[in-house]
Protein chains: 2
Amino acid sequence: MEKPDTRSIIIGEADRLFYQQGFEPTSFSDIASSVGISRGNFYYHFKTKDEILEAVIDLRLRNTVGMLAAWEKQGETPADRLKCFIKILIRNQAKIMAYGCPVGTLSNELSKLDHPSKADAARIFSLFKDWLARQFKAMGRKTDAETLALHILGRSQGVASLATAFKDKDYVHSEVDQICRWIDSIEHARDSNSEYSNRGS
Amino acid sequence: MEKPDTRSIIIGEADRLFYQQGFEPTSFSDIASSVGISRGNFYYHFKTKDEILEAVIDLRLRNTVGMLAAWEKQGETPADRLKCFIKILIRNQAKIMAYGCPVGTLSNELSKLDHPSKADAARIFSLFKDWLARQFKAMGRKTDAETLALHILGRSQGVASLATAFKDKDYVHSEVDQICRWIDSIEHARDSNSEYSNRGS
DNA sequence: ATTTTTATAGGACAATTGTCCTACTCCTAT
DNA sequence: ATAGGAGTAGGACAATTGTCCTATAAAAAT
């Protein structure tokens with residue numbers, strides 16, 4: 001039977017609030033009243049705010065691992081998987097226009113706060129980076145897979161940032177289409193010289 | 001007639017602190033003690049926190065207008081000016097790796113807070129967008145100048161975001177080089193108004 | 001049935017928040 | 001010399017912050 005599992009509910013609500021409001025502006029009271037428990041009870045589950053931040057980052061890490069694994073199974077080709085990644089900008093368009101990318105905005109906020117957990121937040125980025133690099137390697141880009149991964153990851157961050165500022169659907173679609181075409185161009189030029197190999201040299 | 005001009009000093013310190021720490025985490029005390037005045041005196045100059053935020057955004061708008069105007073004079077060709085824009089990622093590398101892009105991070109934070117001034121913060125983005133579009137128009141891209149402007153602006157945001165997370169200088173240089181080559185490729189294909197390539201080299 | 005563990009509520013606590021008020025010191029104009 | 005405003009300091013204020021304590025209810029174990 002399902003347990004009430006207050007702890008998981010707390011983490012889930014904190015996850016949502018940290019995304020929608022940011023980490024700093026979200027208080028214990030916000031989370032407690034959102035879950036429907038008292039602040040005192042909250043303390044039973046988490047002693048400090050940093051503790052719940054760690055739990056939220058941990059949840060996001062696990063969710064990301066699961067999501068990437070699912071993408072790896074369903075996508076037929078690496079190119080399809082890469083497109084599946086970038087199209088998350090369209091699937092989550094409404095949320096991104098309102099709150100930005102959950103990975104990037106948390107990472108940015110914790111960097112500004114110089115928070116101890118900022119490195120953990122960056123690890124979520126690394127999960128994406130490594131997964132993306134894996135796809136590029138599978139497409140024959142052994143040497144510059146990492147560079148290509150950072151490139152597409154950065155592109156997604158830029159689109160999310162401007163989508164939040166301008167709330168321009170056309171821009172998002174235009175960029176995503178363009179990145180998809182770029183992925184195609186990489187797929188169709190598997191063993192040709194790459195324009196991205198300027199890094200190792 | 002040089003006045004002590006405490007007000008300007010306050011705005012300057014608030015500007016710095018809002019960038020380095022974020023708007024929400026920066027308190028009246030932070031600013032007051034940073035300027036070297038009492039909190040009471042602070043109230044004489046600014047009644048509310050939103051009031052000083054407006055003043056800071058106003059300062060940034062004016063600074064941005066000035067910076068863009070200066071770039072417009074010194075750069076010989078539009079392509080040079082565009083490169084001057086994107087190379088700000090390298091000139092301000094240290095700050096960006098520590099605190100991100102001042103424009104993007106403020107816009108994101110205010111969006112999350114759903115702050116009344118979030119539209120004003122986005123206006124700073126618009127200044128850049130319009131300036132960039134003007135350069136592309138001068139390069140013969142009459143029809144898609146706006147799209148190209150949003151593209152390069154988004155690219156800069158993405159690089160800044162990942163630079164903060166990974167603190168990878170090579171990545172920043174690699175992306176900037178690539179964008180510069182993309183600018184060259186646009187310059188050398190002046191009359192062809194077809195879809196532009198995002199590929200480097 | 002009794003003890004122990006788990007979970008919850010309610011509030012205490014000092015510190016800090018944004019906001020606001022009053023008293024005092026300058027400087028300047030009369 | 002004096003009145004008045006501009007600027008500053010110090011603190012009051014209620015509300016909220018993160019943290020912590022204790023009393024108690026519910027559940028589990030004995």
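In what follows, chains carry the letters A, B, and so on, assigned in the order in which the sequence lines appear, proteins first and then strands, with residues in each chain numbered from 1.
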Between B:Tyr43 and A:Lys47, which residue's closest nucleotide on DNA chain D lies nearer the 5′ terminus?
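Its nearest nucleotide being more 5', the pick is B:Tyr43.
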Between A:Asn41 and A:Asp30, whichever has its closest DNA chain D nucleotide further toward 5' is A:Asp30
Which residue pairs pass the salt bridge (Lys or Arg N to Asp or Glu O under 4.0 Å) test with at least one member in residues 11-40 of chain B, sequence neighbours excluded?
B:Glu13-B:Arg16, B:Asp15-B:Arg60
Is there side-chain contact between B:Glu175 and A:Leu150, with at least one heavy-atom pair below 4.5 Å?
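Sidechains of A:Leu150 and B:Glu175: no contact.
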OP1 or OP2 of [N] less than 4.0 angstrom from a side-chain nitrogen or oxygen of [X], does that happen here?
| X | N | value |
| --- | --- | --- |
| A:Tyr44 | C:dT8 | no |
| A:Ser27 | D:dT17 | yes |
| B:Thr6 | D:dT8 | yes |
| B:Ser29 | C:dT16 | no |
| A:His45 | C:dT8 | yes |

Quick one: B:Arg7 CZ to D:dG7 C1', roughly how many Å, whole number?
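Going from B:Arg7 (CZ) to D:dG7 (C1'), I get 14 Å.
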Under the 3.5 Å rule, do the base of D:dG10 and the side chain of B:Arg39 count as making a donor-acceptor pair?
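Answer is no: no donor-acceptor pair is held.
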Where the side chain of A:Lys49 meets the backbone of A:Thr26, is there a donor-acceptor pair that is under 3.5 Å apart?
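Yes, the answer is positive, given that a donor and an acceptor are paired below the 3.5 Å cut-off.
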Check whether B:Tyr19 forms a cation-pi arrangement with B:Lys95 (NZ or CZ under 6.0 Å from the six-membered ring centre, at most 45° off the ring normal).
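No; the conditions do not both hold, so B:Lys95 does not lie above the ring face of B:Tyr19.
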If you take any heavy atom closer than 4.0 Å to DNA chain D, which residues from residues 109-120 of chain A end up in contact?
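Listed by number, there are none.
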